[in-house]
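Reading through the C-alpha cells given below for one structure.
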There are 2 protein chains.
Amino acid sequence: MSISSVLPSQTSGASLQAKSLIQEAGERPTLSRQVVLEILLNTPRALTHTEIASAAAEAGNALDRVTLYRVLDWLIDKELAHKIASEDRVWRFNALSRDAQNSSSTHEHAHFQCKYCGQLYCLDELRPAFAFTLPPGFQCEHAELTLRGRCPDCQD
Amino acid sequence: MSISSVLPSQTSGASLQAKSLIQEAGERPTLSRQVVLEILLNTPRALTHTEIASAAAEAGNALDRVTLYRVLDWLIDKELAHKIASEDRVWRFNALSRDAQNSSSTHEHAHFQCKYCGQLYCLDELRPAFAFTLPPGFQCEHAELTLRGRCPDCQD
DNA sequence: AGGTGAACTGCTACACTGTTGCATATGTCT
DNA sequence: AGACATATGCAACAGTGTAGCAGTTCACCT
Ligand SMILES: [Mn+2]
Ligand SMILES: [Mn+2]
Ligand SMILES: [Zn+2]
Ligand SMILES: [Zn+2]
C-alpha cells in the first residue's frame with residue numbers, strides 16, 4: 001500500500017503550517033521536524049513509524065530511523081502530536097489539532113482501528129465518558145476507548 | 001517483583017482444575033499446558049509471557065520460551081485464555097472464566113492497567129456499552145475499553 | 001560576518017518481544 | 001508394544017524501539 005495514496009500532494013502552505021506551528025512553540029524548526037509534522041498534518045489517519053519514514057523518503061527527505069523516533073518523541077513532548085498503541089504492538093502517530101492542544105484534558109478521545117487493514121483513525125469528537133464502579137482500591141485517572149471494525153476502504 | 005507473591009500456593013485441586021478443563025475440551029492435557037493454565041487460573045490479574053515463564057520455573061516446571069508462546073496461543077485458540085494488549089507492547093494473558101467462554105459475546109469486558117506498576121486486571125463485570133455515531137463508512141464490530149490509573153498496590 | 005556552544009543528526013550496536021523451521025520427544029490409539 | 005499425530009526444544013531470524021557517541025547544524029553573541 002503506497003503512502004502517497006493517503007497524502008495530498010504537498011503544498012507550500014502545509015509546509016508553512018508545520019514550520020509556523022513549531023516556531024510558535026518557540027522551538028527550532030529543523031528540516032526533519034518540518035517534514036515529519038507536515039506528513040502528519042497532511043494525513044487523516046495515524047501513521048506508523050515505517051509509514052512516516054516511507055512518506056519522508058518519497059518526498060525526497062529521507063531521514064535516519066533513529067532520528068525519526070526522536071523527532072516523533074519531540075513532537076509528542078511539545079504536544080504537536082500524539083501516539084496510539086494497538087494490538088500489533090506498533091505505535092501510530094498523528095498530529096494534535098490546535099483544539100486538542102488547548103483543551104485541558106489533553107487529547108482525550110476515542111480511536112477506531114480497522115480489523116482488516118489496520119488503519120487507525122482518531123475520533124476527535126468522541127470523548128469517553130462512562131459511569132462505572134471499580135473494585136475497591138482502584139483509582140481511574142484516564143479511560144481509553146478503541147473501536148474496532150471495518151473502515152471505509154474495506155467495505156465488501 | 002516476585003511472581004510467587006501473587007500466586008496462591010498451588011494445590012492439587014487447582015492442578016486438577018486445569019487438567020479437567022483441558023480434557024473437557026477434548027484435548028491433550030500435556031504437562032506444559034497444565035502448568036501454564038494452572039498459573040493463569042491461580043492469579044487474579046493478567047500475566048506477561050515473562051511472568052508466566054518465571055512462575056513455571058519457580059514451580060519446578062521450566063519450559064522453553066517458544067513452547068510457552070505456543071501453549072499460550074493454544075489456550076487462546078481453545079478459549080481457555082485470552083490476551084490483552086497494552087502500551088508497553090507486551091501481551092498479558094489471563095484464564096477465561098467458564099462464564100466468559102459460554103457467553104456469546106466472548107469475553108467482551110473492560111480492563112484496568114496501573115500506570116505505576118503496569119499490572120493489568122480484567123474487569124469481567126464491566127462490559128462496554130456505549131452510544132455514539134461513527135463517521136460515515138465506519139462499521140464498529142467491537143469496543144475495547146481500558147481504564148488506566150492507580151492500583152491497590154500503588155497507593156501513596 | 002565570524003565564532004561559540006547547545007542541540008540535532010546519523011551511525012553502530014544492542015535489547016526485547018515474538019516467529020519460523022526442523023529435528024527430537026511424547027502421548028494416544030490400536 | 002508399535003505407529004502415527006502432535007507437542008517440545010533448539011537455533012536462527014524478524015520487527016520495533018533504545019543507548020552511546022562522534023560529527024554536524026543552527027541560533028545567538030560578539
Ligand atoms: Mn488520537
Ligand atoms: Mn480480560
Ligand atoms: Zn480497513
Ligand atoms: Zn500498581
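This one's a predicted model, so the numbers in the text were calculated from it and none came from an experiment. Throughout, a chain's letter reflects where its sequence line sits, starting with A, and its residues are numbered from 1. FYI, side chains are in, hydrogens and waters are out, and symmetry mates aren't considered; it's all heavy atoms of this structure.
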Nearest whole angstrom, please: distance from the C1' of dT25(D) to the CG of Asp64(A).
16 Å
For the side chain of Ser32(B), starting at C-beta, report the closest nucleotide among dT26(C), dT8(D), dT16(D).
dT8(D)
Let me know the distance between NZ of Lys19(A) and C1' of dC26(D), rounded to the nearest Å.
12 Å
Nearest whole angstrom, please: distance from the P of dA27(D) to the CG of Leu31(A).
12 Å
Measure from NZ or CZ of Arg148(A) to the centre of the six-membered ring of Phe112(A) and say whether it is under 6.0 Å with the direction within 45° of the ring axis.
no
Which of these nucleotides, dG18(C), dT26(C), dT20(C), is closest to any side-chain atom of Val66(B)?
dT20(C)
Arg65(A) CZ to dT16(D) C1': how many Å, rounded?
7 Å
Are His82(B) and Phe93(B) an aromatic pair, judged by ring center distance below 6.0 Å?
no
If the threshold is 4.0 Å, N to carboxylate O, is there a salt bridge linking Arg45(A) and Glu51(A)?
yes
Grab the CZ-P distance between Arg89(B) and dG15(D) for me, whole Å please.
13 Å
Regarding Val90(B), tell me which of base, sugar-phosphate or nothing describes its non-hydrogen contacts under 4.0 Å with the strands shown.
sugar-phosphate
Please classify the nucleic acid contact of Trp74(B) as base, sugar-phosphate, or nothing, using heavy-atom distances under 4.0 Å.
nothing
Within the 4.0 Å heavy-atom criterion, would you say Thr30(A) contacts the bases, only the backbone, or no part of the nucleic acid?
sugar-phosphate
Atom-to-atom span, CG of Asp73(A) to P of dC8(C) - whole angstrom:
13 Å
When you match Arg28(B) and Pro29(A) each to their closest nucleotide on DNA chain D, which lands nearer the 5' end?
Arg28(B)
The side chain of Trp91(B) lies closest to which of these nucleotides: dG18(C), dG10(C), dT6(D)?
dG18(C)
Separation of atom CZ in Arg70(A) from atom P in dT16(D), rounded to whole Å:
19 Å
Checking Thr67(B) side chain against Leu63(B) main chain: does a donor-acceptor pair fall under 3.5 Å?
no
If you assign Glu27(B) and Thr67(A) each to the DNA chain C nucleotide with the nearest heavy atom, which residue ends up on the more 5' nucleotide?
Thr67(A)
Measure from the side-chain N and O atoms of His111(A) to the backbone N and O of Glu144(A), and report whether any donor-acceptor pair falls under 3.5 Å.
no
Round to a whole Å and report the spacing from OH of Tyr69(B) to C1' of dG15(D).
13 Å
